[in-house]
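Reviewing the structure listed below.
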2 protein chains.
Amino acid sequence: MQDTKERIVSLADQLIKSRGYNAFSYKDISDPLEIKNAAIHYHFPTKTDLGMAVIDVEMQHFMAGTGKLAAQPEDKQLKFLFDTFSKKHKEGLVCLMGSLSPDYDTLPEPLQDKISGLSAAILEWTTGCLERGREKGLFRFEGEASDRALLVISNLLASLLLSRVMGSKVFGRITHQLLRDLGAGK
Amino acid sequence: MQDTKERIVSLADQLIKSRGYNAFSYKDISDPLEIKNAAIHYHFPTKTDLGMAVIDVEMQHFMAGTGKLAAQPEDKQLKFLFDTFSKKHKEGLVCLMGSLSPDYDTLPEPLQDKISGLSAAILEWTTGCLERGREKGLFRFEGEASDRALLVISNLLASLLLSRVMGSKVFGRITHQLLRDLGAGK
DNA sequence: GTCTATATTCCGATAGAC
DNA sequence: GTCTATCGGAATATAGAC
């Protein structure tokens, strides 16, 4: 059974990805957990503390997920990245960066730094994946691997955002085209 | 000299693109304009009314801007689209859809409909531009023009968001790679 | 660790004078 | 069309009992 602290972080994570950082309140967490807002403040004195915990957990999940795949071929590794976005899409969520970046300038500095750190880690991993995959002939693309990785991340992020505005089918259309461009089949 | 109503909309537009819809308040508008919040409510009874006016103006600008270019070659037309995003990038802003889509589910329905309408218009225009441009040999890409248009819009939107999180250079790296992929030179 | 109770601040919105 | 004044509500956060 999950303890309260973990459940708070988990719910906050969901709320950020569904409604945005500035749009959710402690009440949105205390009500479903049937606790009072003071209990949340005990675990996380400020909303900034809570936000940072959410990003920390996301970073740990990303590191753990990619770590397990280190020995797999690169097309399987890239599929892992697409699958994490596909899962969010099915749940009607956007990714953490997609949710937090529009509000970035309104966020306290320690939170900004955590977000930038996470984005750098994702870019670095994706770059390595594409680079090695191209050398092995698993992918086909022009230009620097780091620039291509940026495009892939950019498309995945925006596919979740645009799915909300333009309809659910948009996600599949973007990811399909993306994989096709990389020569990574389907 | 701009009248008050136009200045309110213009400031709201800037605030949405810099801080997000839920993060800005009437005070952020009344202070710089040196008016009281009641004056804003006179012109726009609710925040929803103000938000809709912002989207209406954006739509009018888009229609006017693209209308003027109808006779130009398609690579020039596409450049117009990139230039509007480049302008926002220089001002440190994101685009309207990039700002509003994460909060989409928290927005009142009439506002959601306006946003979806704007996004559909932009997609339709971009699709036509790419389609005709490819027929003339100005662009080179695989797949449906509408899917490619989606990818272009997706990248432009995300390039502004990621520039905030990952640093300003990201915008140029994404747009450069995008144009290169389309065979649209620089 | 969770509670009750409350402080403080800010928000969108309205009434009525000018 | 803008003002003063205020309402009602919600948000983050804190103090102190249990």
Side-chain angles (χ1 to χ4, degrees), chain A residues 1-55 57 99-100 102-112 114, chain B residues 1-55 99-100 102-112 114-115:
Chain A
M1 163 101 160
Q2 237 180 350
D3 71 2
T4 303
K5 188 163 184 173
E6 283 173 0
R7 274 193 268 181
I8 293 171
V9 175
S10 173
L11 245 177
D13 176 76
Q14 262 193 290
L15 285 163
I16 291 173
K17 291 170 180 167
S18 60
R19 306 157 51 100
Y21 182 81
N22 287 316
F24 90 90
S25 76
Y26 278 43
K27 196 173 189 308
D28 297 321
I29 293 174
S30 58
D31 276 354
L33 294 188
E34 291 179 305
I35 56 177
K36 300 297 168 182
N37 76 37
I40 304 176
H41 278 285
Y42 168 78
H43 294 286
F44 304 97
T46 71
K47 194 176 179 178
T48 303
D49 294 318
L50 177 53
M52 290 199 289
V54 168
I55 301 175
V57 168
S99 173
L100 294 176
D103 300 333
Y104 191 79
D105 293 347
T106 75
L107 302 175
E109 211 181 289
L111 203 41
Q112 293 182 346
K114 287 255 182 217
Chain B
M1 163 101 158
Q2 238 182 350
D3 71 1
T4 303
K5 188 164 183 173
E6 284 173 1
R7 274 192 268 182
I8 292 171
V9 175
S10 173
L11 245 177
D13 177 74
Q14 261 194 289
L15 285 163
I16 290 174
K17 291 171 181 167
S18 59
R19 305 156 53 100
Y21 182 80
N22 287 316
F24 89 88
S25 75
Y26 278 41
K27 196 174 189 308
D28 297 322
I29 294 175
S30 58
D31 275 355
L33 293 188
E34 290 179 306
I35 57 177
K36 300 298 167 181
N37 76 34
I40 305 176
H41 279 285
Y42 168 78
H43 294 286
F44 304 97
T46 71
K47 195 176 178 178
T48 303
D49 295 318
L50 178 53
M52 290 200 289
V54 168
I55 301 176
S99 173
L100 295 176
D103 300 333
Y104 191 78
D105 293 346
T106 75
L107 302 176
E109 211 180 288
L111 204 41
Q112 292 182 346
K114 286 258 182 215
I115 299 165

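Basis for what follows: all heavy atoms, side chains included, without hydrogens, waters or symmetry-related copies. In what follows, chains carry the letters A, B, and so on, assigned in the order in which the sequence lines appear, proteins first and then strands, with residues in each chain numbered from 1.
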Grab the CG-C1' distance between Asp31(B) and dC11(C) for me, whole Å please.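 Nearest whole value for this atom pair: 14 Å.
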For Asp28(B) and dC10(C), give me the distance from atom CG to atom P, rounded to whole Å.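 Going from Asp28(B) (CG) to dC10(C) (P), I get 12 Å.
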Is it the case that Asp49(A) and Thr46(A) place a side-chain donor and acceptor less than 3.5 Å from each other?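 Present: a donor and an acceptor within the cut-off.
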Of the residues in residues 13-25 of chain A, which ones touch DNA chain C at a heavy-atom distance under 4.0 Å?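 Heavy-atom contacts with DNA chain C come from no residue of residues 13-25 of chain A; none.
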Please give me every residue in residues 32-42 of chain B whose heavy atoms get under 4.0 Å of an atom in DNA chain C, ordered by residue number.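 Under 4.0 Å from DNA chain C: Asn37(B), Ala38(B), His41(B).
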Working to the nearest 0.5 angstrom, can you tell me the gap between [X] [atom1] and [Y] [atom2]?
X	Y	atom1	atom2	result
Asp31(B)	Asn37(B)	CG	CG	10.0 Å
Lys114(A)	Leu100(A)	NZ	CG	13.5 Å
His43(B)	Ile29(B)	NE2	CD1	11.5 Å

Just by distance, do the side chain of Ser99(B) and the backbone of Ile16(B) share a donor-acceptor pair under 3.5 Å?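 Flag set: sc Ser99(B) to bb Ile16(B) pair under 3.5 Å.
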Is it true that a side-chain atom of Lys47(B) and a backbone atom of Tyr21(B) form a donor plus acceptor pair closer than 3.5 Å?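 Yes, the answer is positive, given that a donor and an acceptor are paired below the 3.5 Å cut-off.
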Does Ser30(B) reach the side chain of Ile40(B), with side-chain heavy atoms less than 4.5 Å apart?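 Result yes, sub-4.5 Å side-chain heavy-atom pair found.
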Determine the minimum heavy-atom distance between Leu111(A) and Gly51(A), stating which atoms define it.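 Taking every non-hydrogen atom into account, CD1-C, 3.5 Å.
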What is the 5' to 3' range of DNA chain D, first to last nucleotide, that sits under 4.0 Å from any heavy atom of chain B?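 The contacted stretch runs from dG1(D) to dT4(D).
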Cation over ring, Lys5(B) on Phe44(B), under 6.0 Å and within 45°?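 Ring-cation test returns yes.
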Take Phe24(A) and Gln14(A), measure what side-chain contact (heavy atoms from CB on, under 4.5 Å) needs, and give me the verdict at the end. CA-CA 10 Å; Phe24(A) 90 90; Gln14(A) 262 193 290; over 6 Å; no
